[in-house]
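If you read the sequence from its start, that first residue is 1, and numbering goes on from there. Atoms within each ligand, like the ligands themselves, are counted from 1 in listed order.
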Amino acid sequence: MLELPAIDFSSSTTIVAAQIRKAHDKFGFVRLVNHGVPVELLQRVLDHQKEFFAQDLDYKSKFLADSGYRTEGFNPSPSNVGIKIKREHLYLFLRPLSRRDPRKWPDSHKDLVEELGVCSTKVYEKLIVALSMALDLDPLYLRDTLCQGELKQTFCTFSYPNNEKEEERDEIYGVPEHTDIGTLVLLFADGVPSLQVLLEGDGKWHTVKPLPGSFIVSFGEIMEVMSNGIYRATTHRVTLDKCKPRCSCAITFEPSEKAQIGPASSLLDKSRHSRVCYRRFIYGERYKEYEDGKFLKDFAKS
Ligand SMILES: O=C(O)CCC(=O)C(=O)O
Ligand SMILES: [Fe+2]
């Protein structure tokens, strides 16, 4: 199993930046430990999700999401898609508050998810500065370019069943292969090993070793573009464990719809590719196309 490089997030931002510089290239994902969000809060959030998903479908359907892509609320296992997917998920908009539909929030989630939202924003704020510093950019460059005064944050929790059938292992997924779209995702989960990353080095899928209480950082496509390919949006998927169901939570941070996305000009001769890999675009344009399944390389490669 793949042991992700762990970043001690209690260190100063400069030291965190140095750790990121060393670690991000290895597997794409990095792990944050000592991140300042109480581990007991993460555990409470996971326990709440398990209780929510264990309720009957009638109850969960009170919070049913409207049809469409990434709509707020409860989503039963999707049907009518090419790849078979088995999971339920609950998707809640944290920021800006104006996006939130309180009718889609189970009562038990209101205070707890709000608390998680506030604590995880502190992690984001330190991380986005460290990520700029690790690229030798102005420490506020990524934060200010992406945010435009409007931080978008969501909470998404997944409940995956187990699947005993060996013959279905390559047919049914919890989440099929994808890269994340936004700026970054903080993931936390119980101890069931089902998250896999595709490594560029050997072209194979590797299961990430779980470490409950830590966050996995998945860089979204937007970080790949802003860094001109230095940070990678890692291809990943979730399989179904043979014996155990799994519960995970993803806190996503996205740029403003208006944000101008493009490689930072000072990186153009420092990056892995030493040339501009991506054209400039407005985030809102990309969002629409991601929804339709268009790959970043077809959308924005220059
Ligand atoms: O459940 C997980 O560990 C990952 C979920 C995921 O890939 C996502 O939310 O984009
Ligand atoms: Fe993902």
(message) Within the 4.5 Å heavy-atom criterion, are Ser159 and Arg87 side-chain neighbours or not?
(response) no

(request) Could you list all the side chain to side chain donor-acceptor pair (under 3.5 Å) pairs where at least one residue sits in residues 35-44, not counting sequence neighbours? (result) Glu40-Arg44, Gln43-Asp47

(request) Inspect the contact between Glu164 and Arg169 and indicate whether a charged nitrogen and a carboxylate oxygen are less than 4.0 angstrom apart. (result) no

(message) Is there a path of hydrophobic side-chain contacts, each under 4.5 Å between heavy atoms, that joins Leu41 and Leu211?
(response) no

(message) Do the side chains of Arg31 and Asp8 get close enough for a salt bridge, i.e. N-O under 4.0 angstrom?
(response) no

(message) Using the side chain to side chain donor-acceptor pair (under 3.5 Å) definition, which of the options Glu257, Lys152, Glu254 pairs with Tyr283?
(response) Glu254

(message) Please give me the protein atoms (N, O or S only) lying under 2.8 Å from the Fe ion (ligand 2), ordered by chain and number.
(response) His178 NE2, Asp180 OD1, His236 NE2

Identify all pairs of nitrogen or oxygen atoms, one from ligand 1 and one from the protein, separated by less than 3.5 Å, and list them with distances.
| residue | atom | partner | partner atom | Å |
| --- | --- | --- | --- | --- |
| ligand 1 | 1 (O) | Tyr160 | OH | 2.6 |
| ligand 1 | 1 (O) | Arg246 | NH1 | 3.2 |
| ligand 1 | 1 (O) | Ser248 | OG | 2.6 |
| ligand 1 | 3 (O) | Arg246 | NH1 | 3.3 |
| ligand 1 | 3 (O) | Arg246 | NH2 | 2.9 |
| ligand 1 | 7 (O) | His178 | NE2 | 3.1 |
| ligand 1 | 7 (O) | His236 | NE2 | 3.1 |
| ligand 1 | 10 (O) | His178 | NE2 | 3.1 |
| ligand 1 | 10 (O) | Asp180 | OD1 | 3.0 |

(request) Using the test ring-ring contact (aromatic ring centres under 6.0 Å, His included), find all partners of Phe158 that sit at least two apart in sequence or belong to another chain. (result) His89, Tyr160

(request) Any chance you could measure Glu72, atom CD, to Thr154, atom OG1, to the nearest 0.5 Å? (result) 9.5 Å

(request) In plain terms, say whether Lys209 and Glu3 are close enough for a salt bridge, that is, a side-chain N and a carboxylate O under 4.0 Å apart. (result) yes

